[in-house]
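Here is the naming used below: chain letters follow the sequence lines, and residue numbers restart at 1 for every chain. If you're wondering where the values come from, they're calculated on a predicted model, not measured in any experiment.
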Amino acid sequence: MDIRIENLSKQFGRYPAVENVSLHIRSGELVALLGPSGSGKTTLLRLIAGLEQPTGGRILFGDEDASRKSVQERNVGFVFQHYALFKHMSVGDNIGFGLRVRPRAQRPRRAEIRARAAELLDLVQLPGYGDRFPAQLSGGQRQRVALARALAIEPRVLLLDEPFGALDAKVRKDLRRWLRELHDKTGHTTVFVTHDQEEAIELADRVVVLNKGVIEQVGTPDEIYDAPASPFVHGFIGEASSLPVTLSNREVWLEDRWTGLRCNETGEALLFFRPNAVDVVEECSGCIAGVVVGSRRVADRKRVEIEIGKGRHRIEIDLPADRSAAERQRIAFRPTNWHIYPSAGSRVAPARALVDA
Amino acid sequence: MAVETMTLFTSPASPPRRLRSATSEAPEIKVVLTTSALLFVAIFLLLPLAAVFVEAFRGGIAAYLSAITEPDALTAIRLTLAVAAIAVSFNLVFGVAAAWAIAKFEFKGKSLLTTLIDLPFSVSPVISGLVYVLLFGAQGYLGPWLGERGVQIVFAIPGIVLATIFVTFPFVARELIPLMQEQGTAEEEAALSLGANGWQTFVFVTLPNIKWALLYGVLLCNARAMGEFGAVAVISGKIRGVTNTMPLQVEILYNEYALSAAFAVASLLALLALVTLAIKTLLEWRFADGIAVGRSH
């Protein structure tokens, strides 16, 4: 099911949770809504489901306007953050619920409902769990039952609110991979909400980055990671270091030093790069240099904090774990993959480079 | 060295001091506390209750039976049961509606509604009786208008029902509100997203989640409805054989020095309360899990 969101807004009292959002979700796509808490991602999901009514704009399911329809009429499968399984019903009854409450004319026979529930339990890899109660299941199992329950009504679109938020790291990873496989098998248009950028990048076909109710960027995981459209996206996806720079003469200058980078723009700007995308160089004519003020071990690298220039800007770069980085030691480096964003008030166009000039 | 240490600790000459768990008390204190609690219950609760039954049967079984089958007594019993049934069913519906509104929606005046629900608890029942006399009595605001149309509320059964409803207003709602607030709306939203309509959501999802608290509230409401004295005394006019409920009947008989008859009716009233209590205990014991999910008294 193709979903088109057009200029959608939602205000809670005076507080705008979602502001003028437009988005096209293609049929069969797996899309992540990614953002920090309060970014409006869950509100957007609930608006698509019909659990909230928009204060402006509309939502199209295919060619029909869904925004005037109730949640029941929209036929969406919604998986809640804390599963919201019916505690007093067995797993089988939970899954069959959506079929049992259908109007008599469309309601399958009881045996059919049971068969469908068993089929879905097989699909979510919990065969034979139909007679258990939610309280007897682990978190990951409950999550899968909630998914089976949402799939039982043959939804036009599957919506998941922080699907792995309440699970421990190991289960999370397994479920993530499993959900991707399930999506590829069933082909549902799926939208999920997460605050975990790693999860969004690993799982989704496309990622929608939200901040303060506004879409910052929509793109494939590669685009989001390699070409972040704004300082916010750069900082939110992966690690980021930033420095205020001046662009002049097709060169990027940090205070009174040339950084060794070239750029066609002119004016005040911010230079962003990732700690792992730097080349350490010996003293040079064009580089960024500073003194080590601290270091710590991050996975298989050593992350070094460096203080740079008169402004005492602190940034981080990664070094091989065995490389020495004593305090006050001087280190020079050059970013290999970097981005220029306009600093507040300047009109520099965003620019990027993969290889230094 | 190690061996020496061990023998030192296991030596019978210095038995290890028995350590209590942090929240436990010394045995003497336990005994004192328990005894005083039991003694208190015996003197203030059990003794009076036993006295009611002893006094009721002082004249023998035959006298007891004739006292409770006397026409005025029978009328009082019937009236009490009828009033309780009406008041409880009304407050059942109101309580669920109010709890639903308060727990699941945000609206203006919500805190006012919450406070108002508690009003009957803080107002003396006599006042609630008086209020209805003031509203519906012959000299009241609405009394003359209603009287012209042949509707009698004060000194009649409708007045008793109204006063009882007022007094027992909070029980069901008070029982449900905290539970429903705690449960939130996620399960209801899940039901709606699966295609259930409002009624199906209420019957299949909400009701099963609140049934024990609801039953509990109904029992408390019922106990109070049957035992209400003050409000009913003011509004009923205490007409023998017509508007006398059981508590009023007990008082009248007592004032007439018909002690054993008074105690006979009182014993019946006490029995009803005991049955209610027994049902409540039975439910708690039988469905401990379901109640514990919510909140237990």
- request: Check whether A:L159 gets within reach of chain B through its side chain, its backbone, both or neither, counting any heavy atom under 4.5 Å.
  value: neither
- request: Please indicate whether B:F107 has more than 12 foreign heavy atoms, meaning atoms of other residues, nucleotides or ligands, lying under 6.0 Å from its CZ.
  value: yes
- prompt: Based on non-hydrogen pairs under 4.5 Å, which of A:L85, A:V76, A:V79, A:N75 is most in contact with chain B?
  reply: A:L85
- request: Select one option (side chain, backbone, both, neither) describing which atoms of A:F86 are under 4.5 Å from chain B's heavy atoms.
  value: both
- request: Could you tell me which portion of A:R46 (side chain, backbone, both or neither) has an atom closer than 4.5 angstrom to a non-hydrogen atom of chain B?
  value: side chain
message: Give me the atom names and distance for the closest heavy-atom approach of A:V101 to B:Q200.
response: O-NE2, 3.0 Å
query: Counting only heavy atoms not in A:R180, do more than 12 fall under 6.0 Å of its CZ?
result: yes
query: Rounded to the nearest 0.5 Å, how far does CG of B:L192 lie from CZ of A:R74?
result: 12.5 Å
message: Would you say that more than 12 heavy atoms from the other residues, nucleotides or ligands in this model lie under 6.0 Å from the CD of B:E106, or not?
response: no
message: Give me the atom names and distance for the closest heavy-atom approach of A:A84 to B:E187.
response: O-CG, 3.9 Å
message: Can you confirm whether B:F121 is buried at CZ, in the sense that more than 12 heavy atoms of other residues, nucleotides or ligands lie under 6.0 Å from that atom?
response: yes
task: Would you mind checking which part of A:A150 comes under 4.5 Å of any heavy atom in chain B, side chain (CB onward), backbone (N, CA, C, O), both or neither?
output: backbone
message: Looking at A:D131, I want to see if its CG is surrounded by more than 12 non-hydrogen atoms of other residues, nucleotides or ligands under 6.0 Å.
response: no
- request: State, to 0.1 Å, how close B:N209 and A:H88 come at their nearest heavy-atom pair, and which atoms those are.
  value: OD1-ND1, 3.7 Å
field: Heavy atoms of other groups near A:R110 CZ, more than 12 under 6.0 Å
entry: no
- prompt: Looking only at atom types and distance, does a side-chain atom of A:Q72 sit under 3.5 Å from a main-chain N or O of B:A196, one as donor and one as acceptor?
  reply: yes
